[in-house]
Amino acid sequence: MAGNLPQQECKPVSTGVDKDNLVIPLIDFGPFLNGTPADKHSVGIAVTEAFKTSGFLYLKNHGIPPSVVSRVFASSARFFARPQAEKDSLGWTTPQSNRGYVARGREKLTRPDDKSNVQALRSANPDLKETMEIGRDGVEGLPNRWPDHIDDEGKDFKQVMQSFFQTCKELHTQVMRAVSIGMNLPESFFDEFVDAGDNNLRLLHYPPIPRSVFSSNPDQVRAGEHSDYGSLTLLFQDARGGLQVRSPKGTFIDATPIPDTIVVNAGDLLARWSNDTIKSTKHRVVEPPKPANSEAEDSSDMYPARYSIAYFCNPNNDKFIEALPGTYGEDLHIPKKYSGITSGDYLVQRLTATY
């Protein structure tokens with residue numbers, strides 16, 4: 001039986017972070033994509049265990065070439081360098097759409113259990129970022145806000161992002177297949193839940209900022225403490241750093257960028273779907289860590305810009321989400337913790353509270 005294979009037959013796991021009881025493993029996804037059934041089983045168990053314990057993992061050999069990621073980052077940077085008026089003309093409109101440009105300070109990320117007034121938080125400690133939100137193309141009445149009518153660079157931006165959206169969609173399917181195996185479900189269990197690609201590609205730009213902004217306000221962050229809304233997030237970081245994950249001890253630990261990896265974390269809807277078997281862990285983006293070997297940069301009055309790319313994975317909008325088989329029952333002495341809800345309704349509720 002695959003689950004009883006000796007450990008030496010497949011070693012997909014090393015450690016990316018281990019501090020304050022927070023362990024974020026580094027998982028080699030190559031054996032899942034290209035290996036034997038036993039390899040796939042081993043990786044599936046590793047992925048699911050990471051989501052059950054820390055809620056986070058690093059994924060390497062994930063099948064997306066570094067050259068593709070570099071091109072997306074470059075295209076993103078050129079977009080955010082556009083004049084403000086051009087970006088504003090592509091502005092985000094509604095939670096139902098969740099497409100378009102979001103100017104600095106408009107979004108305030110908070111925890112779902114935070115009852116504070118979001119407007120007050122936004123005024124006191126606005127998230128220091130701007131974003132571009134891209135959804136699935138072809139949804140009636142909910143068009144993406146492409147800059148392709150502005151210039152040739154806008155046309156290239158559209159092509160690059162459409163291709164990357166599809167690439168990430170395919171990886172989402174594969175990671176959910178790994179979760180299926182790890183949850184003792186048929187490998188294809190989630191396929192019908194994710195085949196539409198009702199996901200969100202978010203380009204993030206954290207502009208250069210004076211160090212004094214942070215020193216004068218201890219509560220200031222680049223993105224506030226929050227958990228993600230959907231099933232999974234695929235996060236592509238630049239080398240600057242700043243992402244922190246909350247540990248079981250309540251401290252925030254640096255999720256330091258590891259070249260050519262993706263940070264993958266479980267979201268609130270997957271936690272709900274798993275009857276809280278899987279964790280959706282709080283995280284935030286703060287001032288960059290002190291450079292290890294750069295006295296010149298460390299003496300500067302400004303923090304440089306930071307870019308990241310998040311691909312928020314969701315079940316199809318029309319799918320009804322309720323506790324997965326094997327996560328509840330009289331024999332387990334575990335009740336269903338949540339009532340069922342359609343994925344689309346859940347996400348709109350969360351987005352409405354954010355903007």
Side-chain angles (χ1 to χ4, degrees), residues 12-20 22-30 32-33 43 46-66 68-70 72-73 76 109 129 131 164-165 167-172 174-176 178-179 199-206 221-247 251-271 278-286 288-289 306-314:
V13 184
S14 54
T15 301
V17 170
D18 186 356
K19 186 176 181 181
D20 285 0
L22 177 73
V23 178
I24 303 179
L26 172 59
I27 297 178
D28 185 349
F29 206 54
F32 187 88
L33 297 176
V43 174
V47 166
T48 307
E49 284 303 306
F51 289 152
K52 288 180 177 180
T53 53
S54 69
F56 272 76
L57 58 89
Y58 293 90
L59 205 66
K60 69 176 182 179
N61 295 327
H62 42 71
I64 303 179
V68 170
V69 177
S70 295
V72 175
F73 268 96
S76 173
L109 292 173
K129 66 180 186 298
T131 74
F164 192 63
F165 191 101
T167 295
C168 290
K169 175 180 179 290
E170 293 167 2
L171 180 57
H172 172 214
Q174 294 293 345
V175 176
M176 291 305 293
V179 174
N199 305 321
N200 181 56
L201 174 61
R202 168 178 285 189
L203 312 178
L204 296 108
H205 172 221
Y206 302 88
V221 293
R222 278 180 154 174
E225 177 187 352
H226 66 285
S227 53
D228 293 343
Y229 305 158
S231 53
L232 300 174
T233 300
L234 310 178
L235 178 66
F236 302 80
Q237 300 192 78
D238 68 7
R240 293 290 174 196
L243 174 66
Q244 293 186 330
V245 179
R246 189 172 184 174
S247 76
T251 55
F252 277 93
I253 306 302
D254 291 331
T256 304
I258 299 176
D260 300 332
T261 68
I262 305 170
V263 174
V264 186
N265 63 280
D268 295 340
L269 193 51
L270 183 56
I278 284 171
K279 292 184 178 179
S280 178
T281 304
K282 307 293 192 304
H283 50 286
R284 67 184 186 182
V285 180
V286 298
R306 177 182 186 264
Y307 294 88
S308 64
I309 298 164
Y311 188 79
F312 296 109
C313 305
N314 308 306

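Contact of the S280 side chain with the Y229 side chain is not registered, since no non-hydrogen atoms from C-beta on lie closer than 4.5 Å. Side-chain contact between H226 and H283 is present, with at least one heavy-atom pair separated by less than 4.5 Å. Two residues are said to be in side-chain contact when any heavy atoms from C-beta on lie closer than 4.5 Å; V43 and I27 meet this criterion. Put simply, the side chain of R306 reaches to within 4.5 Å of the side chain of V285, judged on heavy atoms. Annotation: side chain of N265 is not in contact with side chain of T281 (no heavy-atom distance under 4.5 Å). When side chains are defined from C-beta on, V47 counts as touching L57, because their heavy atoms get closer than 4.5 Å. The shortest side-chain heavy-atom distance between D254 and K19 does not fall under the 4.5 Å cut-off.
In this structure, H205 and Y307 have parallel ring planes: the angle between them is below the 30° cut-off, well short of the 60° mark.
Closest approach of S247 to L22, counting heavy atoms only: CB-CB, 3.8 Å. Across all non-hydrogen atoms, the minimal contact from S76 to L203 is OG-CB, 3.6 Å. For Q244 against F252, the heavy-atom pair with the smallest separation is OE1-CB, 3.4 Å. Heavy atoms only, all atoms of each residue included: P65 and G63 are closest at CD-O, 3.5 Å. F56 approaches P25 most closely through the heavy-atom pair O-CD, 3.6 Å. Contact detail for S308 and Y206: the closest heavy-atom pair is OG-CE1, 3.9 Å.
Separating the NE2 atom in H62 from the OG1 atom in T261 is a distance of 6.5 Å, to the nearest 0.5 Å. The structure places CG of D238 at 11.5 Å from OG of S70, a figure rounded to the nearest 0.5 Å. Residue E225 holds its CD atom at 9.0 Å from OG of S227, rounded to the nearest 0.5 Å. Interatomic distance, CG of L235 versus CG of L204, reported as 8.0 Å (0.5 Å rounding). For the atom pair CG (L269) and CG (D228), the distance works out to 12.0 Å, reported to the nearest 0.5 Å. Rounding to the nearest 0.5 angstrom, the gap separating the CG atom in L243 from the CD atom in Q237 is 5.0 Å.
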Original post:
Run the side chain to side chain contact (heavy atoms under 4.5 Å, CB included) check on F236 and I64 step by step: do they pass?
Top reply: CA-CA 11 Å; F236 302 80; I64 303 179; 4.0 Å; yes
**OP:** Let me see the working for T53 and V23 under side chain to side chain contact (heavy atoms under 4.5 Å, CB included), right down to the final yes or no.
**Re:** CA-CA 8 Å; T53 53; V23 178; over 6 Å; no
Original post:
Should L232 and F51 be marked as a side chain to side chain contact (heavy atoms under 4.5 Å, CB included) after you check the CA-CA gap, both sets of side-chain angles, and the distance that decides it?
Top reply: CA-CA 10 Å; L232 300 174; F51 289 152; 3.7 Å; yes
**OP:** Just do the side chain to side chain contact (heavy atoms under 4.5 Å, CB included) check on L201 and F164 with the steps written out, would you?
**Re:** CA-CA 9 Å; L201 174 61; F164 192 63; 4.0 Å; yes
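Each of T233, L171, V175, I309 was scored for a side chain to side chain contact (heavy atoms under 4.5 Å, CB included) with I262, with one residue passing: L171.
Between the side chain of Y311 and the backbone N or O of F165 there is at least one donor-acceptor pair closer than 3.5 Å.
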